[in-house]
There are 2 protein chains.
Amino acid sequence: MPHPPVHSPTILCTVDVVLLTLTADGLQVALLVRDRAPHAGALALPGGFVRPTEDSGTRDAAARMLREKTGLHSPYLEQLATFSGPDRDPRGWSVSVVYYALVPPMAPDDGAPAAVEWHPVDRLPPLPFDHAEIVRQALARVRSKSQYSSLPVHLCGERFTLPQLKLVYEAVLGERVNQVSFRRRMDELGMLEPMVGETVGGAHRPAQVWRVKEAFRGELSLSERVLAGRD
Amino acid sequence: MPHPPVHSPTILCTVDVVLLTLTADGLQVALLVRDRAPHAGALALPGGFVRPTEDSGTRDAAARMLREKTGLHSPYLEQLATFSGPDRDPRGWSVSVVYYALVPPMAPDDGAPAAVEWHPVDRLPPLPFDHAEIVRQALARVRSKSQYSSLPVHLCGERFTLPQLKLVYEAVLGERVNQVSFRRRMDELGMLEPMVGETVGGAHRPAQVWRVKEAFRGELSLSERVLAGRD
DNA sequence: CTAATAGTGTCTATAAGACAGTATACT
DNA sequence: AGTATACTGTCTTATAGACACTATTAG
């Protein structure tokens, strides 16, 4: 049986994850202090080697990386792209399959190891490898997909109000969203259901609480049209 | 210096290419007869092992694969996704970074080795590995991107008429395109320039010949809106 | 002149945005 | 009652599609 070119130098096969959340300070990306060379001590994306004995695929490896390194489970985990080349990792020719994940903002000690540092995506520290470029592409993807899909709901908790969700879209897209159109679209998508009777709101008229319908949980709703048109 | 887990079984790192063209019989995908195990003799996507000593990245490997196996150079070559797992290749745990390419229909003996077989995408023979799924995803991507970008121009030759280009969009999208809207959009994109004086057309009014402007060649024009609305 | 395709002008339908109104809480 | 926010009704504007008209060629 013919075999791969064993005479060739080994290719390092890794997975990296761009884990994003949204706080009052905008989109944040999870960074970890690397505990080993190369770049020991530096802040970098969670990642590591694929383990053929454990992982059933790179997606599985990415989920494992999240679990082991951040203590998180993200229901939304999607492949971004694969980065490769002889120079991106000083250890040798490497291939990194990159995933991105979106999670709701966490309570301060919500099981996440203290090692996780959240950094605003527009004020990142210098990152090792090609991680800066990877984050840039992840952001572009998230912003692009948010135009015509329900992606941003993964940045909300399980229950949310439409004004809250609108703010999330605005934060991700970086521009104002038309209130009337936004509500029309969310209605047309048919993806949300009101928690009847449940409202939240402090000093003024309380807002209806919604959640994603069972059938739509875990996957995205795609729209033919732009979901969040400008105001 | 810490090293990758050398005790782990090797991960096979490969590249596959979904090469598409458009003929009167619709979208066609390039298949090659495999000359070695596994699946020797079967029709499969062009692909092979990444060669760290030769390739500067997986994109480069994909371009090499195209060149070596089909004799073609495709100006449009984009990463589709990466497929991985223990079972997709009988030789072991593998990662395949898949690219897709679009080329104009070729003259019968335009340098392509005889080994290249073009098959209509909607009537493919059984394919080995996970190549059927890969082709499916490539088609979905191409159709999706054609909605709002100039992608289909890569299926035309260097010069084309607007009626021809409209037919290409219709073939890719699988639905009729509104003539007036189509011309409006192509005009607004500002990507095409007329070859003044050049027209083609047989028995009736000849059509203006166009080409992609220098500045837009090699890259896509993206539109905020749907490029090819229904008729 | 006819036929057939290329290309345009313009009306209509649809969808998005603006804006102002009503609704409902807390003070 | 006042005020601030939630939500809605409706007018205006922008964009897409339908349709018919003109343009240009061959025969």
Side-chain angles (χ1 to χ4, degrees), chain A residues 24 146-150 156 159-171 173-211 221-231, chain B residues 24 146-150 156 159-171 173-211 221-231:
Chain A
S146 296
Q147 298 268 355
Y148 57 91
S149 83
S150 60
C156 291
R159 290 141 190 255
F160 46 84
T161 68
L162 287 184
Q164 280 168 1
L165 186 58
K166 176 170 171 286
L167 285 172
V168 171
Y169 269 90
E170 289 176 336
L173 296 173
E175 60 186 9
R176 293 293 309 281
V177 156
N178 183 286
Q179 187 204 18
V180 178
S181 299
F182 181 72
R183 300 183 86 98
R184 258 196 301 244
R185 298 275 171 56
M186 287 300 147
D187 189 42
E188 286 162 11
L189 273 185
M191 172 189 60
L192 305 181
E193 61 187 356
M195 307 297 293
V196 281
E198 270 191 68
T199 56
V200 294
H204 310 293
R205 175 175 176 175
Q208 174 64 49
V209 174
W210 300 74
R211 69 172 172 191
S221 307
L222 298 176
S223 169
E224 301 288 311
R225 332 203 143 273
V226 172
L227 274 174
R230 285 180 286 286
D231 204 20
Chain B
S146 296
Q147 298 269 355
Y148 58 90
S149 82
S150 60
C156 291
R159 289 142 191 254
F160 47 84
T161 68
L162 286 184
Q164 279 168 1
L165 185 57
K166 175 170 172 286
L167 286 172
V168 171
Y169 270 89
E170 289 176 335
L173 296 174
E175 60 186 10
R176 296 291 311 280
V177 156
N178 183 286
Q179 186 204 21
V180 178
S181 298
F182 181 73
R183 300 183 86 98
R184 258 197 298 245
R185 298 276 168 56
M186 287 300 147
D187 188 44
E188 286 163 10
L189 273 184
M191 172 189 61
L192 305 181
E193 60 187 357
M195 307 297 294
V196 282
E198 269 191 68
T199 56
V200 294
H204 310 293
R205 174 175 176 174
Q208 174 64 50
V209 173
W210 301 75
R211 69 172 172 191
S221 306
L222 298 175
S223 169
E224 302 287 313
R225 331 204 143 273
V226 172
L227 273 173
R230 285 180 286 287
D231 203 20

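None of these values were measured; they are calculated from a predicted model. Computed from heavy atoms alone, side chains included, the values below leave out hydrogens, waters and symmetry copies. Note on naming: letters A, B, ... go to the chains in the order of the sequence lines (proteins, then strands), and numbering restarts at 1 for each one.
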Margin query: I'd like to know if the side chain of A/E170 and the backbone of A/R176 have a donor-acceptor N/O pair within less than 3.5 Å.
Written below: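 Not confirmed, A/E170 side chain does not pair with A/R176 backbone.
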Next item on the list: Would you confirm whether B/Q164, through its side chain, and B/T161, through its main-chain N or O, come within 3.5 Å as a donor-acceptor pair?
Entry: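 Yes: the side chain of B/Q164 pairs with the backbone of B/T161.
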Check: Quick one: bend of the helix from C/dC1-D/dG27 to C/dT27-D/dA1 from 5 pairs per end, to 10°?
Finding: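 The helix from C/dC1-D/dG27 to C/dT27-D/dA1 shows an end-to-end axis angle of 10°.
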Next item on the list: Taking the side chain as every heavy atom from C-beta outward, state whether A/V177 and A/L167 have any pair of such atoms under 4.5 Å apart.
Entry: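 No, their side chains stay 4.5 Å or more apart.
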Note to self: In the structure I gave you, are the side-chain heavy atoms of B/V200 and B/P206 within less than 4.5 Å of one another anywhere?
What the structure shows: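 Result no, sub-4.5 Å side-chain heavy-atom pair not found.
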Rounded distance (Å) that lies between atom [atom2] of [N] and atom [atom1] of [X]:
X      : N      : atom1 : atom2 : answer
A/D187 : D/dC7  : CG    : P     : 13 Å
B/E198 : D/dT24 : CD    : P     : 18 Å
B/R184 : C/dG7  : CZ    : P     : 16 Å
A/R205 : C/dT24 : CZ    : P     : 6 Å
B/H204 : C/dA4  : NE2   : P     : 7 Å
A/E188 : C/dA16 : CD    : P     : 6 Å
A/L165 : D/dC7  : CG    : C1'   : 15 Å
A/M186 : D/dA6  : CE    : P     : 16 Å

Item checked: Of the listed nucleotides C/dA16, D/dG17, D/dA6, the one nearest the side chain of B/N178 ->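 When the side chain of B/N178 is considered, D/dG17 is the closest of C/dA16, D/dG17, D/dA6.
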Notebook entry, point to check: What nucleotide among D/dG9, D/dA18, D/dA16 has an atom nearest to a side-chain atom of B/R185?
Noted result: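 Among D/dG9, D/dA18, D/dA16, the one nearest the side chain of B/R185 is D/dA16.
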Notebook entry, point to check: Within the structure shown, what part of the strands sits under 4.0 Å from A/A203 by heavy-atom distance: base, sugar-phosphate, or nothing?
Noted result: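 Touches a base.
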Item checked: Salt bridge present between B/E188 and B/R184 (N-O < 4.0 angstrom) ->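 Salt bridge flag = no for B/R184 with B/E188.
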Note to self: Let me confirm one number: the CZ-CG distance from B/R183 to B/N178, rounded to the nearest 0.5 Å.
What the structure shows: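 One gets 11.5 Å once the value is rounded to the nearest 0.5 Å.
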Check: Between B/V180 and A/V180, which is nearer to the 5' end of DNA chain C once each is assigned its nearest nucleotide?
Finding: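 Looking at the nearest nucleotide for each, B/V180 comes out on the 5' side.
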Check: With no angle test and no hydrogens, is the base of C/dG7 tied to the side chain of B/Q208 by a donor-acceptor pair under 3.5 Å?
Finding: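 It does not, because no donor-acceptor pair links the side chain of B/Q208 to the base of C/dG7 below 3.5 Å.
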Margin query: With a 4.0 Å cutoff (strictly under), does any side-chain N or O of B/R183 reach OP1 or OP2 of C/dG7?
Written below: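 True: B/R183 side-chain N/O within range (under 4.0 Å) of C/dG7 OP1/OP2.
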Notebook entry, point to check: Any idea which heavy atoms bring B/Q208 and B/V196 closest together, and the distance?
Noted result: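 So the two residues come closest at NE2-N, 4.2 Å.
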